[in-house]
Novice: 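Before we start, here is the structure in question, set down as structure tokens.
These numbers were taken from a predicted model, which means no experiment stands behind them. Computed from heavy atoms alone, side chains included, the values below leave out hydrogens, waters and symmetry copies.
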Amino acid sequence: MSYDTYTSPLSERYASKEMQYIFSPEKKFRTWRRLWIALAETEKELGLDITDEQIAELKAHRDDINFEVAKEREKLVRHDVMSHVYAYGVQCPKAKGIIHLGATSCFVGDNTDIILMSEALRLIRVKLLNVIAELAAFADKYKALPTLAFTHFQPAQPTTVGKRATLWTQDFLMDLEDLDYVLGSLKLLGSKGTTGTQASFLELFDGDQETIDKIDPMIAEKMGFSSCYPVSGQTYSRKVDTRVMNVVAGIAASAHKMSNDIRLLQHLKEVEEPFEKNQIGSSAMAYKRNPMRSERIASISRYVMIDALNPAITSATQWFERTLDDSANKRISIAEGFLAIDGVLDLCLNVVDGLVVYDKVIEKRLMSELPFMATENIMMDAVKKGGDRQELHERIRRLSMEAGANVKQNGRENNLLELIAADESFGLTLEDLTAAMEPSKYTGRAELQVEKFLRDCVNPVLDANRDLLGVKAEINV
């Protein structure tokens, strides 16, 4: 490791080795060579004078890339594609004359970008599925545990810990739907020439339109794709990159939302992210257990969401059939967007897998607020005993304000039940009122909603992808 040169934290701290490899020079240039082989094979099969010996020579040197030769050549010609054509030709003297025949730089550049984004989306898909699986298990485990719900971060009607987790899960399920749609829609550029008209192939194949129509489908099949985009300029539409990165940004938004909730719950001491035996929470305050992983999820997720603007702006500002102001931005924003979301999902896996629930703290907070929420039920019980609903409503309103003042102004416990018991209008004893303070009576259909959501929405997805589950994340720092 070099300590005198900038290294991206995405590579050093956050992204997995698998994602880093997808966007590595080796993967990129090996894919270029696979594309050149596919092109040469297609041209041979369609009748051009290319020999089996030339194809075999290309295949023999598909993976042993002579990087230094290409690097030195690029210093001279200032063109990365032609430098690698040259380097490949040095290794394949018999085939050098047919490498890149009829193609333009975007044949390798753009097709490779689609291939790499497809592989990156598939890796993200696996991790997203595993986050959903972990959340589903958590939701099921705590589906019946009552907890205080919040609207505006103010106490509201109770829910359950599991029901809250289904809200996070549903967001990730929507991301999975978006990812599957975009992944299924990706096509190769194919080989369409400098302005997308395939003019060079019209020359190579002596104007044989039927033969030229076969080129793109054959290349797509050889590279594992169903088809190529039907029309293009020199490049595939940069709208494609926008769609891909919008999916990535959507996952980031879901992760950010979940991490925010976990951070707030950790502040309340109700739910806590995993904290390792030797982990230090603060350099100054030794007692602290900061939610640093959830904070990191939020931090990197913000980067991803903002990064999605790059391909959107690039798509909007392309001129006619091709400009090159996309290239430098694209090689940074796409790769780093994927490396970042990869790190986010690893963190999500780690956090959800180790969430700690403090049910006694949850119960204590809920019980301190429950008397206010039970007032409607109390009022109905008092009416059954002969009370006047309108009069009781006014009395409960006043007693609630008094109890609230006791809590907020005097720092005392909530004494609403005692106040109601002392008011003869209600005809209820403190024992009657205390018996009504069973939290599960106030969580509505939360437990049933969890069961139905897992059964109808989550489990079918997990069952269909069972072979991809069981992934555990490694966190470097």
Novice: Roughly how far apart are L188 CG and F225 CZ, rounded to 0.5 Å?
Specialist: 4.5 Å
Novice: Do C106 and R322 have side-chain heavy atoms sitting under 4.5 Å apart?
Specialist: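 Side-chain contact under 4.5 Å: yes.
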Novice: Do R238 and Y236 form a cation-pi contact, if we require the NZ or CZ to be under 6.0 Å from the six-membered ring centre and within 45 degrees of the ring's axis?
Specialist: yes
Novice: Around atom CZ of F153, are there more than 12 heavy atoms of other residues, nucleotides or ligands at under 6.0 Å?
Specialist: yes
Novice: Do NZ/NE/NH1/NH2 and the carboxylate oxygens of R62 and E57 come within less than 4.0 Å?
Specialist: no
Novice: Could you list the donor-acceptor pairs under 3.5 angstrom formed between side-chain atoms of residues 20-29 and any protein atom two or more places apart in sequence or on another chain?
Specialist:
| residue | atom | partner | partner atom | Å |
| --- | --- | --- | --- | --- |
| Q20 | NE2 | S11 | O | 3.1 |
| Q20 | NE2 | A15 | O | 3.0 |
| Y21 | OH | E26 | OE2 | 3.1 |
| S24 | OG | Y21 | O | 2.7 |
| S24 | OG | K27 | N | 3.2 |
| K27 | NZ | E119 | OE1 | 3.1 |
| K27 | NZ | E119 | OE2 | 3.0 |

Novice: What distance do L448 atom CG and K163 atom NZ have between them, rounded to the nearest 0.5 Å?
Specialist: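 Here the interatomic distance stands at 10.5 Å.
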Novice: Which label fits H84 and F67: parallel for a plane angle under 30°, tilted from 30 to 60°, or perpendicular past 60°?
Specialist: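 Aromatic pair H84/F67 classed perpendicular.
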Novice: Do E273 and M292 come close enough that some side-chain heavy atom pair is under 4.5 Å?
Specialist: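 The answer is yes, as the side chains (C-beta and beyond) meet within the 4.5 Å cut-off.
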Novice: With a 4.5 Å cut-off on side-chain heavy atoms, are C348 and M258 touching?
Specialist: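 A side-chain contact exists here, since the closest heavy-atom pair is under 4.5 Å.
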Novice: Give a yes or no on whether the backbone of K94 and the side-chain of Q54 come within a donor-acceptor separation of less than 3.5 Å.
Specialist: yes
Novice: Taking all non-hydrogen atoms of both residues, which atom of N66 and which atom of V90 are closest, and how far apart?
Specialist: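 Looking at all heavy atoms of both residues, the shortest contact is ND2-CB, 4.2 Å.
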Novice: Mark yes when over 12 heavy atoms from residues, nucleotides or ligands other than D64 sit less than 6.0 Å from its CG; otherwise mark no.
Specialist: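 Buried by this count: over 12 neighbours within 6.0 Å.
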Novice: Within the 3.5 Å criterion, strictly below it, is a donor on T314 or D326 matched to an acceptor on the partner's side chain?
Specialist: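 T314 vs D326: no donor-acceptor pair found between side chains.
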Novice: Do T31 and V108 touch side chain to side chain, with heavy atoms closer than 4.5 Å?
Specialist: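 Not touching, per the 4.5 Å side-chain cut-off.
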Novice: Under the criterion side chain to side chain contact (heavy atoms under 4.5 Å, CB included), I'd like the reasoning laid out for I251 against H256: C-alpha separation, chi angles, the key distance, then a yes or no.
Specialist: CA-CA 9 Å; I251 298 170; H256 196 306; over 6 Å; no
Novice: Below 4.5 Å, heavy atoms only, C-beta onward: do M223 and L35 meet side chain to side chain?
Specialist: yes
Novice: For the residue pair Q157 and A149, what are the closest heavy atoms and their distance?
Specialist: O-CB, 2.9 Å
Novice: Give the intermediate values and the outcome of side chain to side chain contact (heavy atoms under 4.5 Å, CB included) for residues L347 and I300.
Specialist: CA-CA 10 Å; L347 286 163; I300 304 175; 4.3 Å; yes
Novice: Looking at CG of L58 and CD of E53, how far apart are the two atoms once the value is rounded to the nearest 0.5 Å?
Specialist: 11.0 Å
Novice: To the nearest 0.5 Å, tell me how far Q318 CD sits from E321 CD.
Specialist: 11.5 Å
Novice: Determine whether F338 and M19 make a side-chain contact, defined as any pair of heavy atoms from C-beta on separated by less than 4.5 Å.
Specialist: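 Counting from C-beta outward, F338 and M19 do come under 4.5 Å.
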Novice: Rounded to the nearest 0.5 Å, how far apart are CG of D307 and CD of E336?
Specialist: 7.5 Å
Novice: Could I get the full list of salt bridge (charged side-chain N to carboxylate O under 4.0 Å, His left out) partners for K330, not counting sequence neighbours?
Specialist: D113, D241
Novice: I'd like to know if the side chain of R33 pairs up with that of Q91 as donor and acceptor (distance under 3.5 Å, no hydrogens or angles considered).
Specialist: yes
Novice: Any donor-acceptor pair under 3.5 Å linking the side-chain atoms of N290 with those of Q266?
Specialist: no
Novice: Begin from the C-alpha positions of L46 and M218 and carry the test side chain to side chain contact (heavy atoms under 4.5 Å, CB included) through to its verdict.
Specialist: CA-CA 10 Å; L46 292 177; M218 290 175 69; 3.7 Å; yes
Novice: How far apart are the closest heavy atoms of G337 and V304, and which atoms are they?
Specialist: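 The answer is O-CG2, 4.2 Å.
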Novice: Would you say Y14's side chain and L339's backbone share a donor-acceptor pair under 3.5 angstrom?
Specialist: no
Novice: Between T195 and F320, does a side chain to side chain contact (heavy atoms under 4.5 Å, CB included) hold up when you go through it step by step?
Specialist: CA-CA 9 Å; T195 61; F320 302 114; over 6 Å; no
Novice: Distance-only check: which donor-acceptor pairs under 3.5 Å involve side-chain atoms of residues 37-45, not counting sequence neighbours?
Specialist:
| residue | atom | partner | partner atom | Å |
| --- | --- | --- | --- | --- |
| E41 | OE2 | K59 | NZ | 2.8 |
| T42 | OG1 | A38 | O | 2.8 |
| K44 | NZ | D52 | OD1 | 3.0 |
| E45 | OE1 | K222 | NZ | 3.3 |
| E45 | OE2 | K222 | NZ | 3.0 |

Novice: Mind listing the closest non-hydrogen atom pair of S200 and G102 along with its distance?
Specialist: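 Between these two residues, the closest heavy atoms are OG-O, 2.7 Å.
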Novice: Does the D110 side chain pair with the main chain of T235, one donor and one acceptor, at a distance under 3.5 Å?
Specialist: no
Novice: List the steps, then state whether salt bridge (Lys or Arg N to Asp or Glu O under 4.0 Å) holds for E134 with K472.
Specialist: CA-CA 10 Å; E134 293 284 4; K472 300 295 180 182; 3.1 Å; yes
Novice: Report yes or no: does T104 contribute a side-chain atom to a donor-acceptor pair with the main-chain N or O of T194 at less than 3.5 Å?
Specialist: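 Between the backbone of T194 and the side chain of T104 there is no qualifying donor-acceptor contact (under 3.5 Å).
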Novice: Heavy atoms only: give me the nearest G190-D216 pair and the separation to one decimal.
Specialist: CA-OD1, 3.4 Å
Novice: Just so I know, are the side chains of E270 and T147 near enough to count as touching, which here means a heavy-atom distance under 4.5 Å?
Specialist: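 Yes, at least one pair of side-chain atoms sits under 4.5 Å.
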Novice: Is any side-chain N of the basic residue among K71 and E74 closer than 4.0 Å to the acidic one's carboxylate O?
Specialist: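 Looking at E74 together with K71, the answer is no, because their closest N to O distance does not fall below 4.0 Å.
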Novice: Just by distance, no angles: are the side chains of S254 and D175 close enough, under 3.5 Å, to form a donor-acceptor pair?
Specialist: yes
Novice: Any non-hydrogen side-chain atom of E447 less than 4.5 Å from a side-chain atom of T443?
Specialist: no
Novice: Check whether any side-chain N or O of R122 sits under 3.5 Å from a backbone N or O of M117 as a donor-acceptor pair, and report yes or no.
Specialist: no
Novice: How close do K192 and Y229 get, heavy atom to heavy atom, and via which atoms?
Specialist: NZ-O, 2.7 Å
Novice: Would you sort out whether R164 and D261 count as a salt bridge (Lys or Arg N to Asp or Glu O under 4.0 Å), showing the intermediate values?
Specialist: CA-CA 10 Å; R164 179 176 282 145; D261 287 352; 5.7 Å; no
Novice: Looking only at atom types and distance, does a side-chain atom of D353 sit under 3.5 Å from a main-chain N or O of L349, one as donor and one as acceptor?
Specialist: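 Absent.
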Novice: Parallel, tilted or perpendicular: which fits the ring planes of W36 and W32, with parallel below 30° and perpendicular above 60°?
Specialist: perpendicular
Novice: Rounded to the nearest 0.5 Å, what's the gap from CZ on R263 to OG on S294? Could you check?
Specialist: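 Here the interatomic distance stands at 7.5 Å.
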Novice: Do the side chain of S232 and the main chain of Q234 share a donor and acceptor less than 3.5 angstrom apart?
Specialist: no
Novice: Is a donor on one side and an acceptor on the other found under 3.5 Å between the side chain of N329 and the backbone of D325?
Specialist: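 No, because the side chain of N329 does not come within donor-acceptor range (under 3.5 Å) of the backbone of D325.
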Novice: Let me see the working for D346 and K127 under salt bridge (Lys or Arg N to Asp or Glu O under 4.0 Å), right down to the final yes or no.
Specialist: CA-CA 7 Å; D346 278 347; K127 295 186 177 185; 3.0 Å; yes
Novice: How about R243 and N246: does a side-chain donor come under 3.5 Å of a side-chain acceptor?
Specialist: no
Novice: Among L173, N465, V471, I124, find the one that has a side-chain contact (heavy atoms from CB on, under 4.5 Å) with L129.
Specialist: N465
